[in-house]
Amino acid sequence: MRPEQQGVEVAVLVSVGRHPITGRARRADQDARGLELALGLERQLPGSRVSLLHAGPRGEESEAALRGYLGMGLETLTLLEQAEGADAIPALAEHLAAAPPQLVITGARAERGEGSGLLPYALAERLGWPLVNGLAAVERVENGVATLLQALPRGQRRRLKVRLPAIVSVDGAAPVARQSAFGPARRAELEATPVAAEPDRELAQWQLAPARKRPKRLKVIKAASARDRFKAAAAKAEGGGGQVLADVTPAQGAEAILKLLREEGVLPR
Amino acid sequence: MLETLLPILIFSALGVAVIGAWRRVRLWRQGRPSAVPLLKGLAAMPRRYLVDLHHVVGRDKVMSNTHVATAGGFVAAAVLMTLVHGLGLANPWLGGLLLLASATMFVGSLFVARRRRNPPARLSRGPWMRLPRSLMAFSLGVFAITLPAVGILPAGFGHWLLGLLLAAVVAWGLAEMVVGMTWGGPMKHAFAGALHLAFHRRPERFSTKAGGEGRSTGLKALDLEDPSAPLGVETPADFTWNQLLGFDACVQCGRCEAVCPAFAAGQPLNPKKLIQDMVVGMAGGSDAHYAGSPHPSQGLGGKPVGEHHGTPHGPIVAREGKALVDAETLWSCTTCRACVEECPMMIEHVDAIVDMRRFLTLERGETPNKAPEVLDNLIATDNPGGFAPGARMHWAADLDLPLIADLQQVDVLLWLGDGAFDMRNQRTLRALVKVLRAAGVDFAVLGNEERDSGDVARRLGDEATFQSLARRNIATLAQYRFQHIVTCDPHSFHVLGNEYGELGGHYRVYHHSTYIAELYESGRLAFRPWKGGSVTYHDPCYLGRYNGEYEAPRNVLRALGIQVSEMERSGFRSRCCGGGGGAPITDIPGKRRIPDMRMNDVEATGASLVAVGCPQCTAMLEGVVDAGAEVRDIAELVADALVARPAVGAFDATRRPQAEEVI
């Protein structure tokens, strides 16, 4: 007997993006890919329901950006209205816990604000759900277990089975988002619910400055023949040093990481 | 016996025709409302027919004379027949005129028959093949029954069987010519066409007695303020009623098909078929009865005729499977307007295509291939390439171009267009700057304040992005004072000049070729004689057909001492380069590339250089592999030929540097 494929409840967390060149608000690329994945799932599993969730302030610019997601073919977006600078994580966690969907999809990293990429982890921790990052595809959902395809570097894929509910985050490996259409975007509704704003105290203490372009490390290729040059171009970027820690206690591992961060100057010595 | 039979035949034919007319009108009225002055239109109709329509038909002299004889003879014969045989006014004068009219019509129908013996591929067959016989039946029948009425033959001549036979022939003629006119035979074009001329959606395109040339090529704006206003056309009934009427007027002469660059390239578009598909949709049914050549991809592993079907309120483009037309058909169009220019029935194909594209883009978000990326770029960076808006003036870093923001007031605002980001077009722009400086023109640029004109967004159906760009450009332009705008991009020229008006921006815009021609005529430019080889000129669609400017570029070339060896298709018949309407972005595959065909046209003249006046044309024609001719913009040719001009006063030489070498 074939296991039954049922529809799933999917919540897609979307943020207000920022165009890399002009800085204009837009639908964030990774979040839009997440929504595309969800819409593909809706097609693949009849009976699935996709909902959109955003926590943040409501403004003209952000509304236009959020409508960019709605133009992909949804009728409503739930807006957890918060003051500027409020922490989105408690609001989202509370909302998700109140009516838990089976799958939460989010972009790996926001395009504005902290952009630390920690939100999916923080949410997973609060909700106690499993998290899969770098999702490429959802292959099957059967009896509350999803078979996922995770994207690894260099085009590799890993198949995972995850018990739902779960959080998955997508990056550039997920399918490209469909075009956002003006008509549906204009008609769709933003269902705003004010939530208690918990100010993000840590963020308030930060100093924000425009990012500098990071210098690229040049690969020095000493190759005599075309074959060597090709091999060098196609080769895996390999760090020279590094060490493999196996069978160590968490404390030893943490110690090793801390030591590396100090060496690299990420943390003060 | 005929005396009693004829009035019955004539009036029952007229009666049935009236019922048919009412049914036909109901089909058109399914469309959306569109306000046109009805009485004024009807009053203008004879002039529109005799002047504007015949101006197009007259391009083919034989067919034009054939039509004059056949149609003129028929109209006169039909009116006189109703008087003489219907109402029994057996006046010998009227009878004589009726004989003359029916004889003229018969002569015309002989030419129609000759044309139909071996018809070119562009003509539809099917019911159209019987038309010459029907015309002959009508004209001969009417001629014969009128002979006794004028006393040439005695009344009661011949056997009653002969009378019955004549009555049958007349009945056949009446059925085709009068009943068929409103019930959907080939003669439908006369009824629908006459009303289409009267109630045309673009009354401005017709000439006027006052001598107006009549041109209306700007797309009509969508109402985006009203959230309930529809965005484009989803179903046949979403067209305005007079657009539906226009589709119904098609005579299936296939002139559009013969000039369509997409059709010639083997892309899935045949303008004639598209219009017939709209008629099929309006009436409901399938395209199985279509008797013309299908679009090139049909029958070639593509879809044969008869698989597409539609209803007035059903979708034109299906989300999945087939409906009336496939989306690729709509995206194949380069909006070059060659079909509209050639259409003797004044049908507006491009309007219809853009209307349907608007729905696909704005409601479905189904703009194909690279188009979504281009539209996103336009939204986020105000240029289709996604370049940083602050980099717009990088090409002119060494030119010290005056910014209008610094001057506030100039004679000429130089509109750069998105070609400012394109390395090829930057050469043209530098040449144009050199020419303007040589002529001592007081000009400035918007610099980084300029945005894309919105042309591509609009042709791709994204009216929202077009209007957003247009409104912001209009607001920017409103801050400054200038006499006119000069641009080397015919697309910007057209949009700024013809399409911003509806949104509140009214400007006098010159294409650089027009402006250079004026500068030369006023003696502000002098050229050394041309020493190169033979040259041909490619008319950009958006300069020529859209704006009627065929002469100025040729005048400039003449002033340079160049004798243009014209291509077979030039002027209003110029073949598109393939770069308009977002076609290079949507990139629908065909069997050939449109620019390759155009470059073949160039090579057929033996010219070693083709002069162009459009960044799109330059890009498309230069993209042709192994081309035999060089592609140069008119501005470049002018800049190369500049010599110190004879002393001219009246310009401020100290204000900015004199002509300097910029290339």
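Naming convention: chains lettered A, B, ... in sequence-line order (proteins, then strands); numbering from 1 in each chain.
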Which region of [X], side chain (C-beta onward) or backbone (N, CA, C, O), has a non-hydrogen atom less than 4.5 Å from a non-hydrogen atom of chain A, or is it both or neither?
| X | value |
| --- | --- |
| B:A229 | backbone |
| B:L375 | side chain |
| B:E366 | backbone |

Which heavy atom in [X] sits nearest to a heavy atom in [Y], and how many Å separate them?
| X | Y | answer |
| --- | --- | --- |
| B:L224 | A:F182 | CD2-CE2, 3.9 Å |
| A:P184 | B:L362 | CD-O, 3.4 Å |
| B:G365 | A:A181 | N-CB, 3.4 Å |
| A:Q179 | B:T367 | NE2-OG1, 2.6 Å |

inquiry  = If the contact rule is any heavy atom under 4.5 Å from chain B, which residues of residues 22-32 of chain A qualify, in numerical order?
reply    =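 Hits under 4.5 Å: A:T22, A:R24, A:R27.
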Are there over 12 heavy-atom neighbours, none belonging to [X], within less than 6.0 Å of that residue's [atom1]?
| X | atom1 | answer |
| --- | --- | --- |
| B:R201 | CZ | yes |
| B:K370 | NZ | no |
| A:E191 | CD | yes |
| A:R49 | CZ | no |

Report, one line per pair, each donor and acceptor closer than 3.5 Å where one atom sits in a side chain of residues 53-60 of chain A; sequence neighbours left out.
unit_1 : atom_1 : unit_2 : atom_2 : d
A:H54  : ND1    : A:V14  : O      : 2.8
A:R58  : NE     : A:E63  : OE1    : 3.4

key: Under 4.5 Å from a heavy atom of chain B, the part of A:R186 involved   =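 Interface part for A:R186: side chain.
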task = Mind ranking B:A380, B:G386, B:P372, B:P230 by heavy-atom pairs under 4.5 Å with chain A and telling me who comes out on top?
result =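 Among B:A380, B:G386, B:P372, B:P230, the one with the most close pairs to chain A is B:A380.
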query = Got a sec, which residues hit side chain to side chain contact (heavy atoms under 4.5 Å, CB included) with A:R159, two or more places apart in sequence or on another chain?
reply =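 Partners of A:R159 by the side chain to side chain contact (heavy atoms under 4.5 Å, CB included) criterion, ordered by chain and then number, come out as A:E139, A:T147, A:L149.
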query = Got a second to check how far A:R187's CZ is from B:E363's CD, nearest 0.5 Å?
reply = 4.0 Å
inquiry  = Is any side-chain heavy atom of A:S180 closer than 4.5 Å to one of B:D376?
reply    = no
query = For chain A, which residues from residues 459-477 of chain B lie under 4.5 Å away (heavy-atom distances)?
reply =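 So the qualifying residues are B:A464, B:R472.
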